[in-house]
Amino acid sequence: MGNYEVHEPEYSGTTTDEWDEPRLEDFDTDDLGEVADHFLLSASGFPPENFTDLKLPVVDPDGDLNRNALQTAKSGGHGVGAIDDLDEDERAEIEDLIDDLANEHFEDADFGD
């Protein structure tokens, strides 16, 4: 996959709260391995070398999978479409993961085709 590694995030609950992309200082830890559990992609693997290597956050700093974050990751200006170096197959794989997370965990989600 280009220069990125994908993984499924870890979360303890779900939320539909308003979404703002988190900054490193929003987390209660400096451990990048723990912070990385909130993201779908890393430019330097998991755990990442730097916070800025992480892309597509979908779990808020409190550990909840966020429906609005999934929507942003799928189609927002900071979403999968804005990430360079992904070919169509890679982009489709990531979008499928986003769709699956949304549809499995949010009753009103209608992500995908």
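Sequential numbering from 1 along the given sequence is applied to the chain's residues.
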Exercise. Could you check if a side-chain atom of His38 sits within less than 4.5 angstrom of a side-chain atom of Pro57, using non-hydrogen atoms only?
Key: no

Practice problem: Check Ile98, Leu56, Val80, Leu97 against Lys74 for a side chain to side chain contact (heavy atoms under 4.5 Å, CB included) and give me the one that passes. | Solution: Ile98

Exercise. Rounded to the nearest 0.5 Å, what's the gap from CG on Asp96 to CG on Asn103? Could you check?
Key: 10.5 Å

Self-check item: Spatial distance of atom OG1 (Thr16) from atom CG (Asp64) [nearest 0.5 Å]
Solution: 10.0 Å

Self-check item: Gly33 backbone acceptor or donor facing Asp31 side chain under 3.5 Å
Solution: yes

Self-check item: Expected output: side-chain Ser42 to main-chain Pro48 donor-acceptor under 3.5 Å
Solution: no

Exercise. Can you measure from CD (Glu5) to CG (Leu41) and round to the nearest 0.5 angstrom?
Key: 9.5 Å

Quiz prompt | Linked, directly or transitively: Trp19 and Leu65 (ILVMFWY side chains, under 4.5 Å) | solution = no

Quiz item: Between Ser44 and Asn50, what is the shortest heavy-atom contact and its length?
Solution: OG-N, 4.4 Å

Quiz item: For the atom pair CG (Asp84) and NZ (Lys55), what is the distance rounded to the nearest 0.5 Å?
Solution: 9.5 Å

Practice problem: Search all heavy atoms of Val58 against all heavy atoms of Ala69 and return the closest pair with its distance. | Solution: CA-CB, 3.7 Å

Exercise. Could you walk me through whether Phe111 and Gln71 pass the side-chain contact (heavy atoms from CB on, under 4.5 Å) test, one step at a time?
Key: CA-CA 8 Å; Phe111 285 41; Gln71 184 64 51; 3.3 Å; yes

Exercise. Apply side chain to side chain donor-acceptor pair (under 3.5 Å) to Asp17 and Thr15, showing your working.
Key: CA-CA 6 Å; Asp17 288 349; Thr15 184; 3.2 Å; yes

Exercise. Check the surroundings of atom CG in Asp87: do more than 12 heavy atoms from other residues, nucleotides or ligands lie under 6.0 Å from it?
Key: yes

Quiz prompt | For His105 against Thr14, the heavy-atom pair lying closest together | solution = CB-CG2, 3.9 Å

Quiz item: What residues, two or more places apart in sequence or in another chain, satisfy salt bridge (Lys or Arg N to Asp or Glu O under 4.0 Å) together with Asp26?
Solution: Arg23

Quiz item: Shortest non-hydrogen contact from Glu90 to Asp85?
Solution: OE1-O, 3.6 Å

Quiz item: How long is the span from the CG atom in Asp53 to the OH atom in Tyr4, to the nearest 0.5 Å?
Solution: 8.5 Å

Quiz item: Between Phe106 and Leu101, what is the shortest heavy-atom contact and its length?
Solution: CD1-O, 4.4 Å

Self-check item: Nearest-0.5 Å distance that lies between atom CD in Glu25 and atom CG in Asp30
Solution: 10.0 Å

Quiz item: Taking ILVMFWY side chains as joined if any heavy atoms are under 4.5 angstrom apart, and letting links pass through other members, which residues group with Val35?
Solution: Leu24, Phe27, Leu32, Phe39, Phe46, Phe51, Leu54

Quiz prompt | Residue pair Pro9 / Val59: nearest heavy atoms and the distance that separates them | solution = CB-CG2, 3.8 Å

Quiz prompt | Neighbour count above 12 (heavy atom, 6.0 Å) for Asp108 CG | solution = yes

Quiz item: So do Ile94 and Ile83 actually touch side chain to side chain, heavy atoms under 4.5 Å?
Solution: no

Practice problem: With sequence neighbours excluded, tell me which residues meet salt bridge (Lys or Arg N to Asp or Glu O under 4.0 Å) with Glu88. | Solution: none

